[in-house]
Participant: 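Dropping a structure here in structure tokens format, bear with me for questions.
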Amino acid sequence: MDIENQITEGIKAAFQYHYQHTFAEGEVSLQPTRKDFAGSHTFVTFPYARISSQIPPQTAETIGNYLKEHTDIIKNFNVVKGFLNLELADSVWVKALGEVVREYQSGELPYGFQRKNGQKVMIEFSSPNTNKPLHLGHLRNNFLGYAMVQILEANGYAVHKVNIINDRGIHICKSMLAYQKLGSGETPESAGMKGDHLVGKYYVEFDKHYKAQIQELVAQGYEEEQAKKEAPLIKEAQGLLQQWERSDAETVALWKKMNGWVYAGFDATYQKIGVSFDQIYYESDTYLLGKDIVDEGLAKGVFYRKDDGSVWIDLTDEKLDEKLVLRTDGTSVYMTQDLGTAELRYRDWPFDKMVYVVGNEQNYHFKVLFTILKKLGRSYADGLYHLSYGMVDLPSGKMKSREGTVVDADDLIDEVVNQARKKTEELGKIDELSSEQANELFQMLGLGAIKYFLLKVDPKKRMLFNPEESVQLQGDTAPFIQYSHARIAAILQKAAQEGIDAFDSDAFSKLESIHPIEQEVVELLTLFPQKVQLAGAEYTPSVIAQYIFELAKAYNRFYTEVPIFAEQDSSALRFRVSLSLAVAKTIRNGLGLLGIQAPEQM
RNA sequence: GCACUCGUAGUUCAAUUGGAUAGAAUACCAGAUUUCGGCUCUGGGGGUUGAGGGUUCGAGUCCUUCCGAGUGCACCA
């Protein structure tokens, strides 16, 4: 039984004994004690004044006394207003560490991870367009998605990672048109560029000339809106799209060629950032889906047809608008497509939950999508979740995907990895590493820095990414945590050399008293499982990031305040070595949940 | 115009979902250690939680009115 359970059982018994009151399951909850008070767990008694017919401080006093007398887990308690702060006996903490170490030793599942629960989650993330390379916003998406994959697996779910590539439409036709006009047979090889960057270059080219044409037209007296529609280039691009839809051989060949370049470029980036997928969908395959759902909706009376032949759904009673699901000409729109894709996916891999990692500008779209599926009576509709995230800004200014000032993902990674290289070459202990191993380490540090920085913030919130701050060795950063881990690794190595088995929890089981900071570290360790659980339930990797940082900091305090190998008492020494082991493993696994690696040395 | 999201130390972020004196990191100042690893640790100043009103034992959190920022409101995706 874990610590929290032991305490709540005690509290329930106390209420039974003193007030003849029986609590329902899960009704008694504890909170962590604030730092300025003694104790680790706090019971808030305000809500129970009616049950005890006493003022809260009296209730707290009564419960505290009962726990101290009737259980052996409470060393002391104090009451502040209605708050009952509990100090646990040292033996409780010693035993708790023993359990953590044993779980790590048994090795079936890492400490804090759950057994398979039989539930299946599909998660969609990344979802790029093929007309330009990945940028900083995509990185937040990819890292969030990949972290959630790890976290959901740790919570016992079977996870299926999917990516849907937006490979068709007017945007890729723009790149194609510019390439036809200006490309003169250039290839990624001849240009010495990654394929996605090459195609992106022509997209920018298109945009430049297109804007020039608009300005020209405006100068001739057109309204801007009209100029945007009438510019010759956009008409040409639309023509190209129509040719593509008619399966014109030449157009399709060019489309395939350019998309092939982009995929090669994406794959290189995915590999570099350590992201992969189980299944990839292409919009060129799915954009016509959803028509039969429209028929079904009409039959069920969920949708209705207007006189002009277009099909709609009225969601005004859900406080949403009317939404078009089929055009007058009978073709589908984005919403139709997403309905069809959801259906397709459920058939491909019947899931209990489906998570869409998509930016918050699409909040409304997903609200509507989920509502429609519910109205259609889809059994899986309740398991759908939109993991919405905010935009990423840079210190130099805001960045938007549609404007030219986008920060390219590859460039950014290179820059940060380079900074990690510089710092580590200057200061690191990497002499015995081969140049290959060293390069791997720099990647680990640079990528870890970006991932951690993007993941430590609540996904919902718009955030500011500071590349320089992210690689700092001090502060709330990945390198700080990785460094702490590497240092513990050195300690464990020393312990191994001295013949100490860090997994041997019997070696310290008789230890009677421990240092307050040791207690604090063990307390943090005991919280890991519920952090994993929370991060999964709330879809917020930031919970894990914050936790590991706290753990690393607490360990560092322990490290300066308490000697390890100079300790005379063997029990205490062994306890500290095992504590170090448990912390190192938890940091490593916690970082792993964020997709970040922890080096043994740096 | 309508809808949604957000507003917290100089800056970047937290706040256990309604709990205690709103916490970290960073920057700045002052110390300790100079040993297991460049480090790390301790202390200090810094806040009317955008503003007002309400709900209750208790509000950064819920309701409301303003102010400010962002996003979405295409027979685009």
Side-chain angles (χ1 to χ4, degrees), chain A residues 29-37 42 44-47 49 55-56 80-83 85 127 129 164 166 168-172 241 283 287 306 308-312 319-321 323-338 359-365 367-368 388 390-391 393 395 398 400 423-424 426-429 453 456-458 460-466 469-470 472-477 480 483-484 486-495 517 527 530-531 534 538 542-543 545-546 549-550 553 555-561 563-566 580 601-602:
Chain A
S29 67
L30 300 167
Q31 351 182 327
T33 305
R34 289 185 69 93
K35 276 195 185 137
D36 4 334
F37 300 101
T42 292
V44 184
T45 60
F46 293 101
I55 58 169
V80 181
K81 299 187 206 166
F83 297 92
N85 302 322
S127 308
N129 290 347
I164 181 155
N166 188 355
R168 57 137 245 134
I170 191 70
H171 45 78
I172 180 69
L241 180 59
E283 281 199 15
Y287 81 108
K306 285 193 179 172
D308 61 9
S310 57
V311 178
W312 297 72
K319 295 179 87 174
L320 300 167
D321 295 325
K323 186 80 193 173
L324 176 88
V325 290
L326 203 68
R327 295 194 189 101
T328 309
D329 64 6
T331 56
S332 26
V333 292
Y334 180 37
M335 184 60 70
T336 330
Q337 213 182 105
D338 260 9
N360 63 8
E361 63 272 10
Q362 295 202 33
N363 282 354
Y364 184 77
H365 171 77
K367 221 181 204 173
V368 172
S388 157
M391 215 194 298
D393 296 326
K398 293 164 189 173
K400 290 168 107 179
K423 287 201 164 202
T424 310
E426 232 175 86
L427 306 163
K429 279 200 162 187
F453 206 96
K456 72 176 176 177
V457 180
D458 183 347
K460 286 196 294 289
K461 292 200 170 171
R462 183 175 185 151
M463 69 172 293
L464 195 124
F465 176 69
N466 186 335
E469 204 182 310
S470 74
Q472 292 298 320
L473 201 47
Q474 65 273 26
D476 188 2
T477 66
F480 171 82
Y483 178 76
S484 302
R487 200 165 52 175
I488 303 175
I491 291 171
L492 292 173
Q493 214 170 15
K494 185 169 176 182
I517 183 64
L527 295 179
Q530 64 202 64
K531 297 292 179 185
L534 186 68
E538 307 273 320
S542 59
V543 168
Q546 281 155 26
F549 179 55
E550 286 302 317
K553 266 198 304 183
Y555 183 86
N556 283 336
R557 239 174 300 140
F558 156 77
Y559 173 86
T560 45
E561 281 182 41
I564 298 179
F565 296 109
S580 303
Q601 53 184 208
M602 63 188 271

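Below, chains carry the letters A, B, ... as their sequence lines are ordered, and counting in each starts from 1. From a predicted model like this one, the values you see are computed outputs, not experimental measurements.
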Participant: Strictly below 4.0 Å: does A/K81 bring a side-chain N or O up to OP1 or OP2 of B/U21?
Facilitator: yes
Participant: From the list B/A25, B/C75, B/G38, which nucleotide is the closest neighbour of the side chain of A/K553?
Facilitator: B/A25
Participant: Mind checking if A/Q337 touches a base, just sugar-phosphate, or nothing, with heavy atoms under 4.0 Å?
Facilitator: sugar-phosphate
Participant: Does any N or O in the side chain of A/S332 come within less than 3.5 Å of the main-chain N or O of A/Q337, such that one atom is a donor and the other an acceptor?
Facilitator: no
Participant: Return no unless some side-chain N or O of A/R487 is found under 4.0 Å from OP1 or OP2 of B/U40.
Facilitator: no
Participant: Which is true for A/N166 with a 4.0 Å heavy-atom rule: it touches a base, it touches only sugar-phosphate, or it touches nothing?
Facilitator: sugar-phosphate
Participant: May A/F46 be described as stacking on the base of B/G19, applying a 5.5 Å centroid limit and a 30° limit on plane angle?
Facilitator: yes
Participant: Check the distance between B/A32's P and A/E561's CD and give it to me in whole angstrom.
Facilitator: 17 Å
Participant: So, the side chain of A/K456 versus the backbone of A/D476: is there a donor-acceptor pair under 3.5 Å, distance only?
Facilitator: yes
Participant: Rounded off to whole Å, could you give me the CD1-to-P distance for the A/I517 and B/U40 pair?
Facilitator: 15 Å
Participant: Give the intermediate values and the outcome of side chain to side chain donor-acceptor pair (under 3.5 Å) for residues A/Y555 and A/S580.
Facilitator: CA-CA 8 Å; A/Y555 183 86; A/S580 303; 2.8 Å; yes
Participant: Given atom CD of A/E361 and atom C1' of B/U5, what is their separation to the nearest angstrom?
Facilitator: 12 Å
Participant: Under 4.0 Å, counting only non-hydrogen atoms across every strand here, what does A/A49 touch: a base, just sugar-phosphate, or nothing?
Facilitator: nothing
Participant: Base, sugar-phosphate or nothing for A/D338? Non-hydrogen atoms, less than 4.0 Å.
Facilitator: nothing
Participant: How far, in whole Å, is B/A32 from B/A15 if one measures between their C1' atoms?
Facilitator: 31 Å
Participant: Sort by first number and list every stem of RNA chain B: at least 3 consecutive Watson-Crick or G-U wobble pairs, both distances under 3.5 Å.
Facilitator: B:1-7 with B:67-73, B:10-13 with B:23-26, B:28-32 with B:40-44, B:50-54 with B:62-66
Participant: If you measure from the P atom in B/A24 to the same atom in B/U16, how many Å do you get, rounded?
Facilitator: 15 Å
Participant: Looking at B/G23, B/C41, B/G38, which one has an atom nearest to any side-chain atom of A/R34?
Facilitator: B/G23
Participant: With rounding to the closest Å, how many angstrom separate the C1' atoms on B/G44 and B/U49?
Facilitator: 23 Å
Participant: Rounded to whole Å, how long is the line connecting atom CD of A/E283 with atom P of B/C76?
Facilitator: 15 Å
Participant: Can any side-chain N or O of A/S127 pair as donor or acceptor with the backbone N or O of A/N166 at less than 3.5 Å?
Facilitator: no
Participant: Separation of A/I564 atom CD1 from B/G37 atom P, in whole Å?
Facilitator: 12 Å
Participant: Planes under 30° and centres closer than 5.5 Å, is that true for A/F83 with the base of B/A20?
Facilitator: yes
Participant: Counting only side-chain N and O atoms of A/R557, is one of them less than 4.0 Å from OP1 or OP2 of B/C39?
Facilitator: no
Participant: Given atom CD1 of A/I491 and atom P of B/G37, what is their separation to the nearest angstrom?
Facilitator: 9 Å
Participant: Of A/E538 and A/V80, whose nearest nucleotide on RNA chain B comes first from the 5' end?
Facilitator: A/E538
Participant: Would you kindly give the CZ-to-P distance between A/F558 and B/C41, to the nearest whole Å?
Facilitator: 14 Å
Participant: A/T328 side chain to A/S310 main-chain N or O, any donor-acceptor pair under 3.5 Å?
Facilitator: no
Participant: With P as the reference atom in both, quote the distance from B/C62 to B/G43 in angstrom, rounded to an integer.
Facilitator: 33 Å
Participant: With distance as the sole criterion, do the side chain of A/N363 and the base of B/A3 form a donor-acceptor contact below 3.5 Å?
Facilitator: no
Participant: Each nucleotide in nucleotides 10-15 of chain B should get exactly one letter: B, S or -. Can you fill that in based on protein heavy atoms under 4.0 Å?
Facilitator: --SSS-
Participant: Consider the side chain of A/V333, meaning its heavy atoms from C-beta on, and name the nucleotide among B/A24, B/C4, B/A77 that approaches it most closely.
Facilitator: B/A77
Participant: In terms of side-chain heavy atoms, does A/R462 have a donor or acceptor partner in A/N360 at a distance below 3.5 Å?
Facilitator: no
Participant: Both A/F480 and A/A486 contact RNA chain B. Taking the nearest nucleotide for each, which residue is further toward the 5' end?
Facilitator: A/A486
Participant: With a 3.5 Å cut-off and heavy atoms only, can you find an N or O donor on one side and an acceptor on the other between the side chain of A/T42 and the base of B/A20?
Facilitator: yes
Participant: Base of B/U17 relative to its sugar, syn (within 90° of 0) or anti?
Facilitator: syn
Participant: For A/Q474, enumerate each residue passing the side-chain contact (heavy atoms from CB on, under 4.5 Å) test, keeping only those at least two apart in sequence or located in another chain.
Facilitator: A/Q472
Participant: Distance between the C1' atoms of B/U71 and B/C63, in whole angstroms?
Facilitator: 24 Å
Participant: Within the modelled atom types, does a donor on one side and an acceptor on the other bring the side chain of A/D321 and the base of B/C2 under 3.5 Å apart?
Facilitator: no
Participant: Could you check A/K460 against A/D458 for salt bridge (Lys or Arg N to Asp or Glu O under 4.0 Å), going step by step and ending with a plain yes or no?
Facilitator: CA-CA 6 Å; A/K460 286 196 294 289; A/D458 183 347; 3.6 Å; yes
Participant: Provide the distance between the two C1' atoms, one in B/U17 and one in B/U35, to the nearest whole Å.
Facilitator: 45 Å
Participant: How are the rings of A/F46 and A/F83 set to each other: parallel, tilted or perpendicular (split at 30° and 60°)?
Facilitator: perpendicular
Participant: Give one of base, sugar-phosphate or nothing for A/Y483, where a contact means two heavy atoms less than 4.0 Å apart.
Facilitator: base
Participant: From CZ of A/F549 over to P of B/A25, roughly how many Å is that when rounded to an integer?
Facilitator: 6 Å
Participant: Between B/A25 and B/U40, how far is it from one P atom to the other, in whole Å?
Facilitator: 11 Å
Participant: Just to be sure I understand the rule, does A/Q472 reach a base, reach only the sugar-phosphate, or reach nothing, if contact means heavy atoms closer than 4.0 Å?
Facilitator: nothing
Participant: In terms of side-chain heavy atoms of A/T560, which of B/A77, B/U40, B/A20 is nearest?
Facilitator: B/U40
